[in-house]
Amino acid sequence: MAALQPARGTRDLVGEDCRRHLHVVETARRIAACYGMEEWSTPVFEDTRVFSRSLGDTSDVVMKEMYSFTDRGGDSLTLRPEATAGICRALVSNGLTQSLPQKVFYTGPMFRYERPQKGRYRQFHQIDVEVLGAAEPLADAEVIACGWHVLKALGISGDVTLELNTLGDRDSREAYRAALVEYFTAHREALSADSLSRLERNPLRIVDSKDEGDRRIVAGAPTIAAHLTPAAAEFYDRLRRHLDAFKVPFVENPRIVRGLDYYGHTAFEFVTSRLGAQGTVMGGGRYEGLVEEMGGPPTPGVGWAAGVERLSMLLASAPDPVAPVAVVPVGEAAESPALALLQRLREAGISAEMAYRGNLKRRLERANRIKARAAVILGETEVARGVAQLKDLASGAQAEVPLAEVVARLR
RNA sequence: GCGAGCGUAGCUCAGAUGGUAGAGCGCCAGGUUGUGGUCUUGGAUGUCACGGGUUCGAGUCCCGUCGCUCGCCCCA
């Protein structure tokens, strides 16, 4: 029988991989709670319209990357490609537009039908923070400070730079977009084939091109700064002042853009050079109109998402599993007392293991292999005297301890 | 959708110019029937990704397929 492989773009999280993954998620969860974020959980699949509406008219290309299917009732459902749309839908579904702001932490698997590459999978996992219903730049700064805090707590902030930009308000963006189209049209002979088609579809994206020829042209392209309305410039100023006050370091990068219309004002990415072409480790910004698309009232939002796989790859080391205590019975008469002790240890909150078989030597070898911190050796002579041999497996020191005191000694 | 590289033991990999497959780690057992780590002796393990071709002979060369990896496109 041929061995089956995981489906393309999916992978198992086993051993160290799983510990890294959980460490990222648990760290983010703990820190987000310090910022008043409450965890939500929404379905893994949704009515396809939840996502198609969030994508507006860019649909065509992007829709091809969604895992969509028709269920037996004939409804079109989609495995969520991201968390924000579902969160906005849930805000409306649960009537929470009446109690704003809502500050949300989210984590879970997402799905996109893409060609897998480094740090990029078809089933991947994100951590996500969103603040819904706050129009003030302080919310943006708080969200970014939370992200920075998570990266610091993971010990990877040294490898990561916060890059910040503003997309301005609607008037700013329209003026900027027009200026960009004019500029790139004037240089169209020099643009790459890819960027020529972007000029039609999504001119903002040219600014983000990886093509070297394009980059030379982009260097001379207009930036958003000159096209900001006074209100948009003021919003951006306040954001930067708040970040300074929060002591969050950043560099400005006018090349950070967003493809969809509902993004405005703040756009940011935490980037690293350690992950090849997938350098963005956490990205986010401000948006408007998404909640309306889900049938709610106009409600602004600001948030970020980060790929757990990418963060896991940046961790210097995997956290160790908790070191257990090994209970080692010697001889048949010791087995029941050993089981009783095993259970007492576990109920006292101490991680404890007892091998299913083997003699003393084999069990100690195994205790060593599972990195046990101590062994409790219980032979027939010990049972008869109501004691146990307590052996520290790091030092090798062994002492006789009354059975009744074993749990306290190992706490 | 496009391009490049790679596929040999559980893992990491070695196998010039074609001659019937190896190491380290890990695993199992003994040295040590109530004491692990270190040491030492021995042992098991492979459709050499799959299919075809060239050849007396293919892990090695050729063609195809599949898979993985990295990159392009896309990135909500």
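In what follows, chains carry the letters A, B, and so on, assigned in the order in which the sequence lines appear, proteins first and then strands, with residues in each chain numbered from 1. Heavy-atom basis, side chains included; hydrogens, waters and symmetry copies ignored.
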Distance-only donor-acceptor check, side chains A:Gln278 and A:Gln117, under 3.5 Å: yes
Test item: A:Arg173 side-chain N/O and A:Ile224 main-chain N/O as donor-acceptor pair under 3.5 Å: no
Charged N-O contact under 4.0 Å between A:Glu365 and A:Arg362: yes
Under-3.5 Å donor-acceptor pair between A:Glu114 side chain and B:rG1 base: no
Inter-nucleotide P distance (B:rG10, B:rA49), Å rounded: 13 Å
d(CD, A:Glu365; P, B:rC39) in whole Å: 13 Å
Nearest-angstrom distance, P atom, B:rU54 to B:rC62: 15 Å
A:Arg198 and A:Ser195 side chains, donor-acceptor separation under 3.5 Å: yes
N/O (side chain, A:Arg198) to phosphate O (OP1/OP2, B:rC74) under 4.0 Å: yes
Pairwise P distance for B:rA21 and B:rG64, with rounding to whole Å: 29 Å
Who pairs with B:rU47 - Watson-Crick or G-U, where each distance is under 3.5 Å: none
Touch class at under 4.0 angstrom, heavy-atom based, for A:Ala277 against every strand present: sugar-phosphate
Residue whose closest nucleotide on RNA chain B lies nearer the 5' end, A:Glu82 versus A:Gln5: A:Gln5
Between A:Thr229 and A:Asp171: side-chain donor-acceptor atoms closer than 3.5 Å: no
Euclidean distance for C1', B:rC63 against B:rU17 (whole angstrom): 23 Å
Atom P, compared across B:rU45 and B:rA9: separation rounded to whole Å: 15 Å
Under-3.5 Å donor-acceptor pair between A:Asn368 side chain and B:rG36 base: yes
Rounded distance in Å - CZ (A:Arg366) to P (B:rG36): 17 Å
Face-on cation placement of A:Arg238 at A:Phe235 ring, 6.0 Å and 45° thresholds: no
Sugar-phosphate, base or nothing in reach of A:Ala394, heavy atoms under 4.0 Å: base
Phosphate contact (B:rG34 OP1 or OP2) by A:Arg363 side-chain N/O below 4.0 Å: no
Any A:Arg362 side-chain nitrogen or oxygen under 4.0 Å from OP1 or OP2 of B:rG30: yes
Side-chain N,O (A:Gln117) to OP1/OP2 (B:rC70) below 4.0 Å: no
Nucleotide forming a Watson-Crick or wobble pair with B:rU33, both distances under 3.5 Å: none
Sugar-phosphate, base or nothing in reach of A:Phe124, heavy atoms under 4.0 Å: nothing
Donor-acceptor pair between A:Tyr67 and A:Gln123 side chains, under 3.5 angstrom: no
Whether A:Arg363 side chain and A:Ala355 backbone form a donor-acceptor pair below 3.5 Å: yes
Close residues, residues 265-272 of chain A, relative to RNA chain B [heavy-atom separation under 4.0 Å]: none
Separation between the P atoms of B:rG19 and B:rA4, rounded to whole Å: 30 Å
Spacing of A:Arg49 atom CZ relative to B:rA76 atom C1', expressed in whole Å: 19 Å
Residue A:Arg115, side-chain atoms from C-beta onward, closest of B:rG1, B:rC74, B:rG36: B:rG1
A:Arg170/A:Glu288 salt bridge by N-O under 4.0 Å criterion: no
Base-pairing assignment for B:rG5 (Watson-Crick or G-U wobble, both under 3.5 Å): B:rC68
NZ/NE/NH1/NH2 to OD/OE distance under 4.0 Å, A:Arg258 and A:Glu269: yes
Among B:rU35, B:rC70, B:rC75, the nucleotide that comes nearest once only the side chain of A:Lys118 is considered: B:rC70
Nucleotide opposite B:rC25 in a Watson-Crick or G-U pair, distances under 3.5 Å: B:rG10
Same-atom distance (P) from B:rC6 to B:rU47, integer angstrom: 23 Å
Distance below 4.0 Å between A:Arg8 side-chain N/O and B:rG67 OP1 or OP2: yes
Side-chain N or O of A:Lys210 closer than 4.0 Å to phosphate OP1/OP2 of B:rC72: yes
Base of B:rU35 paired with side chain of A:Lys361 (donor-acceptor, under 3.5 Å): no
P spacing across the pair B:rU60 / B:rG53, given as an integer number of angstrom: 14 Å
Rounded distance in Å - CD (A:Glu65) to P (B:rG1): 12 Å
First encountered from the 5' end of RNA chain B, between A:Ser209 and A:Asp392: A:Asp392
Protein-nucleotide distance (A:Ile370, atom CD1; B:rG26, atom P), rounded to Å: 18 Å
Distance-only side-chain donor-acceptor flag, A:Asp214 / A:Ser192, under 3.5 Å: yes
Euclidean distance, atom CZ of residue A:Arg286 to atom P of B:rA76 [Å, nearest integer]: 18 Å
For B:rA49, glycosidic torsion class - syn if within 90° of 0, otherwise anti: anti
Nearest to side-chain heavy atoms of A:Ile377, which nucleotide of B:rU35, B:rC75, B:rC28: B:rU35
Donor/acceptor link under 3.5 angstrom from A:Gln389 side chain onto base of B:rU35: no
Options B:rU69, B:rG34, B:rA76, nucleotide nearest the side-chain atoms of A:Pro116: B:rU69
Sugar-phosphate, base or nothing in reach of A:Arg369, heavy atoms under 4.0 Å: sugar-phosphate
Phosphate OP1/OP2 of B:rC74: any A:Arg201 side-chain N/O under 4.0 Å: yes
Partner nucleotide of B:rU20 by Watson-Crick or wobble geometry (both distances under 3.5 Å): none
Interatomic distance, A:Arg120 CZ vs B:rC73 P [rounded to whole Å]: 10 Å
Rounded interatomic separation in angstrom, taking CG from A:Leu199 and C1' from B:rC73: 17 Å
Any A:Arg205 side-chain nitrogen or oxygen under 4.0 Å from OP1 or OP2 of B:rC75: yes
Selection from B:rG36, B:rG34, B:rA76 that lies nearest to any side-chain heavy atom of A:Val330: B:rG34
Electrostatic pair A:Arg20:A:Glu16 at N-O distance under 4.0 angstrom: yes
Touch class at under 4.0 angstrom, heavy-atom based, for A:Gly276 against every strand present: sugar-phosphate
Touch class at under 4.0 angstrom, heavy-atom based, for A:Thr84 against every strand present: nothing
